[in-house]
Amino acid sequence: MTTAHSFTRHDITFPSGDSTCAGWLYLPTGVTSPPVVILGHGLGATREMRLDAFAERFAQAGIAAVAFTYRHFGDSGGHPRQLLSIKRQLADWDAALAYVKGHPDVDRSRIAVWGSSFGGGHAITVASRHPELCAAVSQCPFTDGLASALALGPVASLRMTPVVARDMAARVRGKAPAMVPIASAPGSPALMNAPDALPGYQALQPAGTTFRNEVAARVIPTIATYRPGRAAKKVAMPILFCVSNTDSVTPPAQTLRYARTAPRGEIKRYDAGHFDFYTGETFEALVRDQIEFLTRQLHPAPASTP
């Protein structure tokens, strides 16, 4: 019977823009130049919120992994804090790729990207811009800002207009940002207020987490116009879309329409909610499918057979 690889985890930082991103590097032990997958998370989330669970499984399958936290969040650098900038986050992905390509312990010719939720949208964008990649995984992805805004509801969206205006004014004056919750109870102003959003985020937070349930409100107009799903048709390498059939945050119908435009796309669908993807039986099903996909594309060395 084939056994799983053991692995080591290393704390890392790498430069991005005017600051640094903090992360973890997982290396399968006894493997020379393993392939590597880079993992990025969703709205305001940090790598401690179950990215480690996926990265550990990939490392056990012989695939090195880099799980990182975006600038302005968690223990990464960047000021002001809790600034969610799509442009800066995409630059962080490019910085993570540059870090991996310069690392002596991984195979820079076998690189994949993996993103979840908002990071799942980023993974599509990044894959469309980097044809040298071997594979991409886009999990419960944010693909269309307009569709997500409609899912939030027009009343809740309008109620955030004053705080957006205050934050825009704060930015001009060089003052501290005006914040809006990332997740809140249904009907309350937030980036996400589906019934499972707040408990979903709370369930992912380990003890001593660096997560803060707020972001600078200035991001709201840019989220509404961000449509990374449109880039799916430009993704040249194999890309796996893992889609929730009952997703309350990133509506599945629009995601599936985009996913079907990817020339080498594969789609897996799950009867589980957006936040169920990170734990329990759904996590086990997802990570099994993702390892099968990444193994086909990256060809990691098998673990020794006793």
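Neither side chain, Thr282 nor Asp276, offers a donor N or O lying under 3.5 Å from an acceptor on the other. A side-chain donor-acceptor contact under 3.5 Å links Thr29 and Ser6.
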Task: Verdict with supporting geometry, His122 and Ile86, side chain to side chain contact (heavy atoms under 4.5 Å, CB included) - done: CA-CA 9 Å; His122 289 337; Ile86 294 168; 4.1 Å; yes
Task: Criterion salt bridge (charged side-chain N to carboxylate O under 4.0 Å, His left out) on Asp247 and Arg269, from CA distance to verdict - done: CA-CA 11 Å; Asp247 202 314; Arg269 301 175 67 173; over 6 Å; no
- [ ] Could you walk me through whether Arg81 and Glu214 pass the salt bridge (charged side-chain N to carboxylate O under 4.0 Å, His left out) test, one step at a time?
- [x] CA-CA 10 Å; Arg81 303 308 295 167; Glu214 60 181 9; over 6 Å; no
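Although no hydrogens or angles enter the test, the distance criterion places no donor-acceptor pair under 3.5 Å between the side chain of Arg71 and the main chain of Ser85. No side-chain donor-acceptor contact under 3.5 Å links Ser184 to the backbone of Asn193. Put simply, the side chain of Ser244 never gets that close to the backbone of Cys140: no donor and acceptor are under 3.5 Å apart. Side chain of Thr143 to backbone of Gly229: no donor-acceptor contact under 3.5 angstrom is found. Side-chain atoms of Thr69 never come within 3.5 Å of backbone atoms of Thr46 as a donor-acceptor pair (strictly under, hydrogens ignored). Without hydrogens or angle criteria, Asn213 side chain to Ala183 main chain gives a donor-acceptor distance under 3.5 Å. Counting only distance, with no hydrogens or angles, the side chain of His5 and the backbone of Ala301 share a donor-acceptor pair below 3.5 Å. Distance alone, capped at 3.5 Å, places no donor-acceptor pair between the Thr295 side chain and the Glu292 backbone.
Between Tyr226 and Phe118, a ring centre-to-centre spacing shorter than 6.0 Å is recorded. Ring pair His41/Tyr278: centre-to-centre distance below 6.0 Å. Between Phe277 and Tyr270, the ring center distance clears the sub-6.0 Å criterion. Phe211 has its ring centre less than 6.0 Å from the ring centre of Tyr201.
Side-chain contact between Pro35 and Pro300 is present, with heavy atoms from C-beta onward closer than 4.5 Å.
Taking each heavy atom of Ala136 and Met237 in turn, the nearest pair found is N-CG, 4.3 Å.
By the 4.0 Å N-to-carboxylate-O rule, Asp94 lies too far from Lys101 to be salt-bridged with it.
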